[in-house]
2 protein chains.
Amino acid sequence: MSTAEVLASVDIVALRLNEQAELELLLIRRAQAPFEQQWALPGVLVNGRCQDLSLEAAACRALASKARVEPRYLEQVATVGNGTRDPRGWSISTFYLALLQPDTVLQGEDLCFVALSAVLDGSLGLPFDHGQLVAQAFERLGGKSVYTSLPLYLLAPRFTVTEALGAFQACLGQAVQHTTLRGRLERMKQQGWIAETGEKNYPRMGRPQNLLEHQARSDAAFIFDRSVLS
Amino acid sequence: MSTAEVLASVDIVALRLNEQAELELLLIRRAQAPFEQQWALPGVLVNGRCQDLSLEAAACRALASKARVEPRYLEQVATVGNGTRDPRGWSISTFYLALLQPDTVLQGEDLCFVALSAVLDGSLGLPFDHGQLVAQAFERLGGKSVYTSLPLYLLAPRFTVTEALGAFQACLGQAVQHTTLRGRLERMKQQGWIAETGEKNYPRMGRPQNLLEHQARSDAAFIFDRSVLS
DNA sequence: ATAATAGTGTCTGTGAGACATTATGTA
DNA sequence: TACATAATGTCTCACAGACACTATTAT
């Protein structure tokens, strides 16, 4: 590669909630050098040879062809670029935050989920600067979760208040009063973002839970006019 | 250029407030093809030949060497990439929002300020997709102005409440109650973001204005826990 | 004095925070 | 029955919105 070229890639930070309402990160085992066989973020190179119509299309290609999952939400986070992040030379990476359904199943031995916390606290290192990308994507998720309904995209379309509470707490990293969340969901209901199904979910113990339905609109999240306070 | 290459650039959406508290956009007359001699966003190409340490460094280089101004605030907005935005082929542009001081003076005949509104409403067209980049950057500014102190970076470090009101209204595109803004500034004062200078500004008519001092911290804006409502 | 503009005070409404209370299931 | 969990109600507080009122300058 001549020094005039730039290595441009799109990488995906795909998250899902596990049964314990903890966030997990999707990784792929790299098939090619550099860092061959290591677990890293799924991504693709973008250049004139690919017929991607746009960067977003390239992100969808990475999700479909590499991660082989379909996200409920996709958002561009940022772009990093410098001469040291890739051993091959000056490179830039535009990275996306993808939110997956909790029941997402992986197709292939080269894919796995790991605890997001392990990546964030450094106990699980990633090649390139992927650890930083993950941190920045999670920061975006947490920041938006303060005043939007973004965590609902980590749930199935039909969900309970308890599940929603787990999603918000995982994104925010702190406890949230369930009454606060109920108030917010109520406001979303009035504006048509959420509907009561009338059905109930019967857990092993305790009173049954109302099943709500989240009708997502064009990958956007509901914006509340106040923040969840510390 | 081979089809395997990607044209990567960094473009700057630099804004300032004029005397009438209206936003103006900094443009540069292009020295080279394509679109030679046309007014466009200042920007630079990034590739292995440049010794930029990072994308942000490239943005600073664009501001210093092309626009020849020093911003009070700089933030990456997003990255666009497709095969049609540049006649030379598949290209990507990472673009930044820069906020300038109101007394910014331009050095050179190839630089000018134009009314941001003219670009947003399409009455002033820009080459490439620069019009879209401007719209997206302004959207970011407006969105953040709802719940942060970002518009203060459009003012000199010493400012009056009236000037701040003008900045917020220009960013939000709507009227703001001055009592609301005073309350927010008061809260910033308590947390050390703003200090009362004790001095006063004497306008041609009316009661003199208190001069406040905005001590910016590391290019970040103060975050309020509520939104300015519609 | 009058005009013009800056700054303060008051009242209302909304929604988060905290916590108590009631409701509805299982064992 | 006891227990577990869900859902609702109540009270307080902070702050935006609206608007009245007071303060301080120039002419």
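Throughout, protein chains are lettered first and strands after them, A, B, ... in sequence-line order, and every chain is numbered starting at 1. Just so you know, these numbers come straight off a predicted model, no measurement behind them.
- Gly108(A) and Arg68(A) get closest at one heavy-atom pair: CA-NH2, 3.9 Å.
- Taking every side-chain heavy atom of Tyr202(A) into account, dG25(C) is the closest of dG25(C), dC19(D), dG17(C).
- Between dA18(D) and Gln177(B), a contact under 4.0 Å exists linking OP1 or OP2 to a side-chain N or O.
- You'll find a donor-acceptor pair under 3.5 Å spanning the side chain of Arg226(B) and the base of dA14(D), going by distance alone.
- In this structure, the CE atom of Met205(B) is 7 Å from the P atom of dT5(C), given to the nearest Å.
- If you measure from atom CD of Glu186(A) to atom P of dT14(C), you get 15 Å, rounded to the nearest angstrom.
- At least one test fails for Arg226(B) against the ring of Tyr147(B): distance under 6.0 Å to the centre or angle within 45° of the axis.
- Two residues, Ser227(A) and Lys200(B), neighbour DNA chain C, and the one matched to the more 5' nucleotide by heavy-atom proximity is Lys200(B).
- In this structure, the nucleotide among dG17(D), dA6(D), dT24(D) sitting nearest to the side chain of Arg207(A) is dA6(D).
- Comparing Phe224(B) and His178(B) against DNA chain D, the residue whose closest nucleotide sits nearer the 5' end is Phe224(B).
- When the P atom of dA16(D) is taken as reference, atom CG of Leu229(A) falls 12 Å away, rounded to whole Å.
- Place Gly183(B) and Thr179(B) on DNA chain D by their nearest nucleotides, and Gly183(B) ends up nearer the 5' end.
- Taking atom CG of Leu185(B) as the reference point, atom P of dG7(C) lies 10 Å away to the nearest angstrom.
- Atom CZ of Arg204(A) is separated from atom P of dA6(D) by 12 Å (rounded to the nearest Å).
- Leu55(B) is listed as a side-chain neighbour of Val10(B), based on a closest heavy-atom distance under 4.5 Å.
- A straight line from CG of Leu212(B) to P of dG7(C) spans 8 Å, rounded to a whole angstrom.
- When heavy atoms are screened at a 4.0 angstrom cut-off, Arg187(B) is found touching the sugar-phosphate backbone but no base atom.
- Taking the ring centroids of Tyr153(A) and His214(A), they lie under the 6.0 Å cut-off.
- Counting to the nearest Å, the C1' atom of dA16(D) and the CZ atom of Arg184(B) are 8 Å from each other.
- The phosphate of dA7(D) has OP1 or OP2 within less than 4.0 Å of a side-chain N or O from Asn210(A).
- The nearest whole Å value for the distance from the CG atom in Asn201(A) to the C1' atom in dT24(C) is 14 Å.
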Point to revise | Check against side-chain hydrogen bond (donor to acceptor under 3.5 Å, both in side chains), Asp11(A) and Ser93(A) | key: CA-CA 7 Å; Asp11(A) 293 308; Ser93(A) 165; 2.7 Å; yes
